[in-house]
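Naming: A, B, ... by sequence-line order, numbering from 1 per chain. All heavy atoms count here, side chains included; hydrogens, waters and symmetry mates do not.
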Amino acid sequence: MLKVYNSFTNQLETFKPINKRSVKMYVCGPTVYNYIHIGNARSVVAFDTIRRYLEYLGYYVTYVSNFTDIDDKIINEANKEGISYDVLTNRYIDAFMEDTAALNVKPATNNPRATEHIDDIIKFIEELIDDGMAYVSNGSVYFRAKKFKNYGKLSNKNIDELENGASQHITEAEANEKEDPIDFVLWKKVKLNEVYWDAPFGKGRPGWHIECSVMSNKYLGNNFDIHGGGIDLEFPHHENEIAQSESKNKEKFANYWLHNGFVTVGDQNEKMSKSLGNFITVHDLIKEVNPEVVRFLMSTTQYRRPIAYNQEKVTEAENNLKKIKNAYNNLEHRMSSADEGNDPKIDQEVRQIQANFQDAMDDDFNAQNGIAEVYELAKLGNIYSERDFVFDKTISLILNRLNELSSIFGIDLATEDLADDEVKSLIEQRNNARKNKDFALSDKIRDELKEKGIILEDTNAGTRFRREN
RNA sequence: GGCGGUGUAGCCAAGUGGUAAGGCACAGGUCUGCAAAACCUCGAUCAUCGGUUCAAAUCCGAUUACCGCCUCCA
């Protein structure tokens, strides 16, 4: 039985979806004014892994993740480059798609964009105004935070302290427009030379939080199962989403709030963030590091835990991933020399490992314990494939399970290509040389292939090969 | 200051009452023509102090260090 840590209650709760067989989830996506960094990617990967596990459990998952494609930073960056905002955002949306595909993130069911939902946003705001939950002030629209009785509930914030804090940060202009310092903007009045949309309350553009309320409601309904995002979004972004949506819909917004932990860098384990400037973009990183390794590193850490990013972690992930891949290759190679049939005892062990895996992942997607079971399975496979006699059905059972469980972490094992004729012929030549004890020649062939990234390994069941990248 | 989260072997990390999973690295061994891969062996009393208990890493209290949120941020 799946349990998830709900940030709203700060408790582990049994996961009960609204509909028995399906899960609706919304994950806050990036503001697209730059390449995503590995902290952003971590969030994407974390929820992709969660999604994959839900699908493994048999749920049909509707996965919606937005692009924030209009905001101050986008406008600033576009102005700096002297291009229109949408040229900029399209560039980085394309880059997002490429980068996340490289990390083997499954495409979302839908990636709605704020600017494509302006009409819906305006309607939503109008309803809030009509209801007295929002007010127009000098061409902008603000939400009366205090009027929403549960404001601060998600992030455990005290209203008085929030007001105190907020009052120190807002500009004089904002102070004049807001009834209360904690009120947040739904519609920003246009400034000179800015892109704007027409609305009944004036020319302007949507505030940040409103788009997620509008688009999640539109694509998933007023009440849906999971709302996810980085822990830094808990306040104010998610708090505001709840206030907006529940004020308008008069019903519960998301049932479970899941927040992922940060990627940190440096000796101080400092949060990686665009504003701190201490980030590594995925775009750059995957030129240096195999994206599979990056994916593995990120998805085998439980989503709420921080990841202290450094070279050691990368190396460790490389080694561990290689171990799983080797086990898979070793079994695949052994398949050709297997007898027909199965080994019930091993089959039972495989089933036990899978059950253990599920127990681990059912505990709030505990990936560390989950991947430990994958290592168990890999080890079992290695031990089995070195037996004198093996059965094909058991080998394929291990292969299938290994592939299935690894795929939850975004690792595809079943894509290794086969030896081409040239390689096959060289292997044959080398084995002839070995028979004739011409080890100089056999080693030469092996070294030459190694140069090309092809590793030969001699086993009792013949010579096997694998590619190393 | 408020709220949330961390502190377990060289490193990563599991474990929420019954004498510390797993991985990486290191070392030794088996196998091999040599190698590779694989397998086997090898390490910690759990930030500190105090308390509860027959029994605590695990509960309670205090202390301490670090991170995050409280303003844009995945």
Can you find a side chain N or O atom of [X] that sits less than 4.0 Å from OP1 or OP2 on [N]?
X	N	result
A:N326	B:rA38	yes
A:Y375	B:rC24	no
A:K450	B:rA36	no

Return yes if the base of B:rA35 and the side-chain atoms of A:R446 contain a donor-acceptor N/O pair under 3.5 Å, otherwise no.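 Donor-acceptor pair under 3.5 Å: yes.
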
Side-chain donor/acceptor of A:N10 to base of B:rG4, under 3.5 Å: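 Flag unset: no donor-acceptor pair detected.
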
Check A:R52 with A:D48, please: is the shortest side-chain N to carboxylate O separation under 4.0 Å? yes

For [X], give me all partners under salt bridge (Lys or Arg N to Asp or Glu O under 4.0 Å), at least two apart in sequence or on another chain.
X	result
A:E422	A:K452
A:K106	A:E55
A:K3	none

Donor-acceptor contacts, no H, no angles, side chain residues 379-386 of chain A, under 3.5 Å, sequence neighbours left out:
from: A:N382; atom 1: OD1; to: A:N330; atom 2: ND2; distance (Å): 3.3
from: A:N382; atom 1: ND2; to: A:A378; atom 2: O; distance (Å): 3.4
from: A:Y384; atom 1: OH; to: A:F391; atom 2: N; distance (Å): 2.9
from: A:S385; atom 1: OG; to: A:G381; atom 2: O; distance (Å): 3.2
from: A:S385; atom 1: OG; to: A:N382; atom 2: O; distance (Å): 3.1

May I ask you to check whether over 12 heavy atoms, not counting those of [X], lie within 6.0 Å of atom [atom1]?
X	atom1	answer
A:Q348	CD	yes
A:N436	CG	yes
A:Y196	OH	no
A:E81	CD	yes

Given the [atom1] atoms of [N] and [M], what is the spacing between them in whole Å?
N	M	atom1	result
B:rG5	B:rG23	P	30 Å
B:rU58	B:rA9	P	15 Å
B:rA36	B:rA44	C1'	33 Å
B:rU8	B:rG22	C1'	14 Å
B:rC3	B:rU45	C1'	33 Å
B:rA56	B:rG2	P	32 Å
B:rG43	B:rG10	P	14 Å
B:rU6	B:rA14	C1'	15 Å

Report the distance from atom [atom1] of [X] to atom [atom2] of [N], rounded to the nearest whole Å.
X	N	atom1	atom2	answer
A:N319	B:rC24	CG	C1'	7 Å
A:F8	B:rC3	CZ	C1'	15 Å
A:R387	B:rA38	CZ	C1'	15 Å
A:N156	B:rC3	CG	P	9 Å
A:I353	B:rA21	CD1	C1'	14 Å
A:L154	B:rG2	CG	C1'	16 Å
A:D458	B:rA38	CG	C1'	14 Å
A:N460	B:rU30	CG	P	17 Å

Checking A:K146 against A:Y151: charged group under 6.0 Å from the ring centre and within 45 degrees of the axis?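 So A:K146 doesn't make the cation-pi contact.
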
Test: salt bridge (Lys or Arg N to Asp or Glu O under 4.0 Å). Region: residues 437-450 of chain A. Which pairs qualify, not counting sequence neighbours?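 Pairs touching residues 437-450 of chain A that pass the test: A:D443-A:R446, A:K444-A:E448.
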
A:D94: side-chain contact (heavy atoms from CB on, under 4.5 Å) partners, not counting sequence neighbours: none

With sequence neighbours excluded, what pairs up with A:I286 under the side-chain contact (heavy atoms from CB on, under 4.5 Å) test? A:D99, A:A102, A:V282, A:P291

Watson-Crick or G-U wobble partner of [N], both distances under 3.5 Å:
N	answer
B:rU19	none
B:rG10	B:rC24
B:rG61	B:rC49
B:rC39	B:rG29
B:rC3	B:rG68

Within the 4.0 Å heavy-atom criterion, would you say A:I371 contacts the bases, only the backbone, or no part of the nucleic acid?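 Nothing, no heavy atom under 4.0 Å.
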
Answer with base, sugar-phosphate or nothing: what part of the nucleic acid does A:Y5 contact at a heavy-atom distance below 4.0 Å? sugar-phosphate

Would you call the rings of A:W257 and A:H259 parallel, tilted or perpendicular, where under 30° means parallel and over 60° means perpendicular?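 A:W257 vs A:H259 ring planes: parallel.
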
Please work out which residues in residues 428-440 of chain A have a non-hydrogen atom less than 4.0 Å from an atom of RNA chain B and list them by number. A:R430, A:R434, A:F439

Mind running a 4.0 Å heavy-atom check of residues 376-384 of chain A against RNA chain B and sending the residues that fall below it, in number order?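 A:K379, A:N382, A:I383 - these, ordered by number, are the residues of the stretch whose heavy atoms sit under 4.0 Å from the strand.
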
With sugar-phosphate taken as primed atoms, P, OP1 and OP2 and all else as base, the protein-contact string of nucleotides 8-17 of chain B at under 4.0 Å (heavy atoms; B, S, -) is ----BSSS--

With sugar-phosphate taken as primed atoms, P, OP1 and OP2 and all else as base, the protein-contact string of nucleotides 66-74 of chain B at under 4.0 Å (heavy atoms; B, S, -) is -SSBSBBBB

Applying ring-ring contact (aromatic ring centres under 6.0 Å, His included), can you list everything that pairs with A:H209, at least two apart in sequence or on another chain? A:F184, A:H237

Going by side-chain contact (heavy atoms from CB on, under 4.5 Å), A:T109 matches just one of A:R51, A:M25, A:K24. Which one?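 Of the listed residues A:R51, A:M25, A:K24, the side-chain contact (heavy atoms from CB on, under 4.5 Å) partner of A:T109 is A:R51.
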
